[in-house]
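Report on the following structure.
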Amino acid sequence: MYDLKFVREHAGELRRAVEQKREHADLDAILADEERRRALLAEVEKLKAERNRTSQEIGRRKAAGEDVSASVAAMRELGERIRELDDQLRTIEGEIHERLQWVPNIPHPSVPVGDESANAVVRAWGTPREEEGLRNHLEIGEALGILALTPAAQMSGSGFIGFTGLGARLERALINYMLDLHGVAGYREMRVPYATRSAALFGCGQLPKLAEDMYRLEGEDLFLIPTAEVPLTNFYRGVIWNEEELPVNLVAYSPCFRREAGAHGKQTHGLIRLHQFDKVELVKIVTPERSYEELERLTADAEQVLQSLGLPYRVLLLASGDLSFASAKCYDLELWAPGSARWLEVSSCSNFEDFQARRIGLRYRGSDGKLHLVHTLNGSGVALPRLTVALLEHYQQADGTVRVPEPLRPYLGGIAALRAE
RNA sequence: GGAGAGGUGUCCGAGUGGUUGAAGGAGCUCGCCUCGAAAGCGAGUGGGCCCAUCGGGUCCCGGGGGUUCGAAUCCCCCCCUCUCCGCCA
């Protein structure tokens, strides 16, 4: 979220951003209200200055035993006027705030302008398998007895899945593997709440826009997190970092809960789109000068998961129209799933610049001694179900087993292949 | 869930209606002193917003309302922390 001064000074850019991101923010209304707000503010502050001055005087004169009833009466009247103006001010500030919440972050100049079709493949890694007759993950999973779609659907509905036996162990292995990998790369492992208040979600930009996409606990101001980004980015709310303490690199595993409202009928079967899925998430809190450099590192760190597991992928630079509300620049990592013959998004690595920092109030004290907003970044490192899909499909073997990539074996009791139990 | 205590600046801590944005101490910065350091001495040391050239004004003592000429101080609601009881994986 932007502050009003910024909006005043960068109205043109913001208008362009709203258009490019296909958001619906009324900048003209904000600017008009802002004019009125400032006029009102100047007036009411003048009156308050008078009240403060006179009230002090009343105190002094009263102590001296003078009759102050005339002044008190005058101030009572002034108080009424102030109250009126304050009410007007509060109303208009409420309107401005409401509208301001819907102003998206401005895309970075390096972001291609356009819709999805303008997304750019910036690099690709690995060699996709192209043989005929490769099975898809559902077929593989069923043959191995590691997936449990029906039981989960029966107790929880579509969009929920279970894993059994080796499948469950595979998920746990992947989580542990990724946490360890990122730990070595310098990320601090965190354990976070899986439900947060609305303020935390607002801070990351999930609210107000995505309210319908989240699960809310009945009767409480608590939402199941759609991503560990929320508790991680909010974790150090209120602390003021020293410049030399940055960057702060955090990693956490969490389940993620998404209603996926409106997504029905679209890729709803299997592991591709779920109401609950597991994810390892990376968050960086950095100084502004370094945030774009850190975005490249963050992306590279997420890629390292895929490379070390030997899975072919490509990196997309998202176009403005595909960029999320709070993001200034974002790379998507897509794994190739040869049995399904499609690319699967397993990670989005974003720089939010100071958009979230302003909402949450994340600041650092610079070498100049002053407070500045940090920049925040996050990226999946990576999402589990789709990683599992790509892994099963990529490492399937003619005998029906699935080869386990070397680095993962220590996490699976040393076995070299998944086979039916 | 019940009862009580409390939330003040970077930190500790005073302050229960009036020149308190906030005593005192610690820390930090600068200066003096010193060969240098420590100690000592002196000065400085919050943030947001509005107007403005220096500067001025306003708001902020967990958050939000209210009472009052005037609130960190009184009232209401909420959040958090601590202690005791209850319950519990």
Side-chain angles (χ1 to χ4, degrees), chain A residues 1-10 30-101 191-203 207 216-223 230-231 234-246 255 354-355 357-374:
Chain A
M1 184 159 82
Y2 292 106
D3 58 60
L4 285 165
K5 203 191 291 176
F6 185 92
V7 172
R8 255 183 276 139
E9 288 163 5
H10 303 265
I30 293 173
L31 290 170
D33 279 354
E34 165 62 0
E35 280 303 303
R36 230 158 46 85
R37 182 187 75 94
R38 281 193 290 162
L40 231 42
L41 194 62
E43 193 180 344
V44 76
E45 284 192 356
K46 201 159 37 162
L47 298 183
K48 282 180 179 173
E50 188 184 337
R51 179 176 68 182
N52 289 345
R53 210 178 316 113
T54 311
S55 289
Q56 267 181 17
E57 199 183 302
I58 289 173
R60 226 178 298 124
R61 286 170 50 199
K62 212 170 168 184
E66 297 178 34
D67 174 24
V68 294
S69 54
S71 290
V72 168
M75 283 305 100
R76 186 173 298 145
E77 224 166 280
L78 186 66
E80 283 304 313
R81 179 70 184 138
I82 287 172
R83 189 188 313 262
E84 267 171 43
L85 290 176
D86 266 343
D87 281 349
Q88 284 179 37
L89 205 53
R90 205 174 313 174
T91 304
I92 200 162
E93 280 175 347
E95 278 168 21
I96 290 172
H97 184 77
E98 162 62 25
R99 289 196 169 106
L100 218 44
Q101 289 176 21
R191 198 84 187 163
V192 298
Y194 299 152
T196 68
R197 295 217 178 100
S198 53
L201 289 150
F202 178 83
L207 285 175
R216 182 174 187 163
L217 302 192
E218 189 173 353
E220 310 213 34
D221 179 28
L222 270 182
F223 294 78
V230 176
N234 279 278
F235 209 92
Y236 293 110
R237 179 183 281 265
V239 320
I240 292 172
W241 302 95
N242 289 316
E243 183 162 350
E244 39 317 335
E245 294 173 304
L246 302 177
D354 61 14
F355 193 83
R358 186 173 292 109
R359 288 184 165 216
I360 300 174
L362 296 173
R363 294 181 296 179
Y364 72 98
R365 194 172 293 281
S367 43
D368 58 359
K370 292 190 175 143
L371 296 179
H372 306 276
L373 291 167
V374 301

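The shown structure was predicted, so the numbers you read here are calculated from the model rather than taken from an experiment. Below, read A as the first sequence line, B as the second, and so on, with proteins coming before strands; counting in each chain starts at 1.
Under the Watson-Crick and G-U wobble criteria, each requiring two contacts below 3.5 Å, nucleotide B/G24 is paired to B/C12. When both distances must be under 3.5 Å, the Watson-Crick or G-U wobble mate of B/U81 is B/A5. In this entry B/G18 has B/C69 as its Watson-Crick or G-U wobble partner, both defining distances falling under 3.5 Å. In this entry B/U53 has no Watson-Crick or G-U wobble partner, no candidate having both defining distances under 3.5 Å. Shown here, B/G42 forms a base pair with B/C30; the pair counts as Watson-Crick or G-U wobble because both key distances fall under 3.5 Å.
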Just the table, please: protein N/O against nucleotides 78-80 of chain B N/O, every pair under 3.5 Å.
unit_1, atom_1, unit_2, atom_2, d
B/C79, O3', A/Arg197, NH2, 2.7
B/C80, OP1, A/Arg197, NH2, 2.6

Pull out every protein N or O sitting under 3.5 Å from an N or O of nucleotides 51-54 of chain B, one pair per line with the distance.
unit_1, atom_1, unit_2, atom_2, d
B/C51, OP1, A/Arg38, NH1, 2.5

Quiz prompt | Trace of the salt bridge (charged side-chain N to carboxylate O under 4.0 Å, His left out) decision for A/Arg61 with A/Glu57 | solution = CA-CA 6 Å; A/Arg61 286 170 50 199; A/Glu57 199 183 302; 3.7 Å; yes

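For A/Ile92 against A/Asp33, the heavy-atom pair with the smallest separation is CD1-O, 3.4 Å.
Rounded to whole Å, the C1' atom of B/G25 lies 29 Å from the corresponding atom of B/G36. Comparing the C1' positions of B/A89 and B/A3 gives an interatomic distance of 26 Å, to the nearest angstrom. Distance noted for atom C1' between B/A22 and B/G47: 14 Å (whole Å). B/C59 and B/U73 are spaced 14 Å apart, taking the P atom of each and rounding to whole Å. Straight-line distance between the C1' atoms of B/A5 and B/A39: roughly 41 Å, to the nearest whole Å. Nucleotides B/G18 and B/C74, compared at atom C1', are 14 Å apart to the nearest Å. For the C1' atom pair drawn from B/A23 and B/C75, the interatomic distance equals 28 Å after rounding to whole Å. Taking atom C1' in both B/U67 and B/G17, one finds a spacing of 11 Å when rounded to whole Å.
Remark: A/Asn52 is in phosphate contact with B/C59, judged by side-chain N or O atoms under 4.0 Å from OP1 or OP2. For the OP1/OP2 pair of B/C50 and a distance below 4.0 Å, the side-chain nitrogens and oxygens of A/Arg37 include at least one atom meeting the criterion. Residue A/Arg76 places at least one side-chain N or O under 4.0 Å from the OP1 or OP2 atom of B/C69.
Contact annotation for A/Lys62: base contact, defined as any heavy-atom pair under 4.0 Å involving a base atom. A/Arg363 comes within 4.0 angstrom of sugar-phosphate atoms only, judged by non-hydrogen atoms across all strands, and of no base. Among the protein residues, A/Leu78 comes within range of no part of the nucleic acid, since none of its heavy atoms lies under 4.0 Å from any strand. Across all strands shown, A/Leu41 has heavy atoms under 4.0 Å from sugar-phosphate atoms exclusively, and none from any base.
Rounded to whole Å, the distance from CG on A/Asp67 to P on B/C69 is 15 Å. What separates CG of A/Asn242 from P of B/C11 is a distance of 12 Å, to the nearest Å. Spacing between atom CG of A/Leu47 and atom C1' of B/C59 amounts to 15 Å, rounded to whole angstrom units. Following rounding to the nearest Å, A/Ile58 (CD1) and B/G17 (P) show an atom-to-atom distance of 18 Å. Here the P atom of nucleotide B/G48 and the CG atom of A/Asp354 are 14 Å apart, to the nearest Å. Atom pair A/Gln56:CD and B/A71:P shows a separation of 11 Å (rounding to whole Å applied). We find that CD of A/Glu244 is positioned 14 Å from P of B/C28, with the value rounded to whole Å. Atom CD1 of A/Ile240 is separated from atom P of B/G27 by 21 Å (rounded to the nearest Å).
Proximity of A/Leu246 to A/Val374: side-chain heavy atoms (C-beta onward) are separated by under 4.5 Å at one or more points. Considering only heavy atoms from C-beta on, A/Leu85 comes within 4.5 Å of A/Arg81 through its side chain. Counting only heavy atoms from C-beta outward, the side chains of A/Phe223 and A/Leu207 approach each other to under 4.5 Å. Looking only at side-chain heavy atoms (C-beta outward), A/Leu4 and A/Leu100 come within less than 4.5 Å of each other. A 4.5 Å side-chain heavy-atom check between A/Asp86 and A/Lys48 finds at least one atom pair inside the cut-off.
A/Tyr2 does not carry A/Arg358 over the face of its six-membered ring by the limits of under 6.0 Å from the centre and within 45° of the normal.
A side-chain donor-acceptor contact under 3.5 Å links A/His97 and A/Gln101.
A donor-acceptor distance shorter than 3.5 angstrom exists from the side chain of A/Arg359 to the backbone of A/Phe202, with no hydrogens or angles considered. In this structure, the side chain of A/Asp3 engages the main chain of A/Phe6 through a donor-acceptor pair within 3.5 Å. In this structure a side-chain-to-backbone donor-acceptor pair under 3.5 Å is present from A/Asn234 to A/Ala200. At least one donor-acceptor pair closer than 3.5 Å links the side chain of A/Asp221 to the backbone N or O of A/Ser198.
For A/Glu45, taking side-chain heavy atoms from C-beta onward, the closest of the listed nucleotides B/C49, B/C69, B/C59 is B/C49. Considering only the side chain of A/Ala49, B/G57 comes nearest among B/G57, B/C69, B/C50.
Counting heavy atoms of neighbouring residues, nucleotides and ligands inside a 6.0 Å radius, atom CZ of A/Arg38 exceeds 12 of them.
Sorted by residue number, the members of residues 83-101 of chain A with any non-hydrogen atom under 4.0 Å from RNA chain B read A/Arg83, A/Arg90.
If you find the closest nucleotide of RNA chain B to A/Arg51 and to A/Leu4, the one lying nearer the 5' end belongs to A/Leu4.
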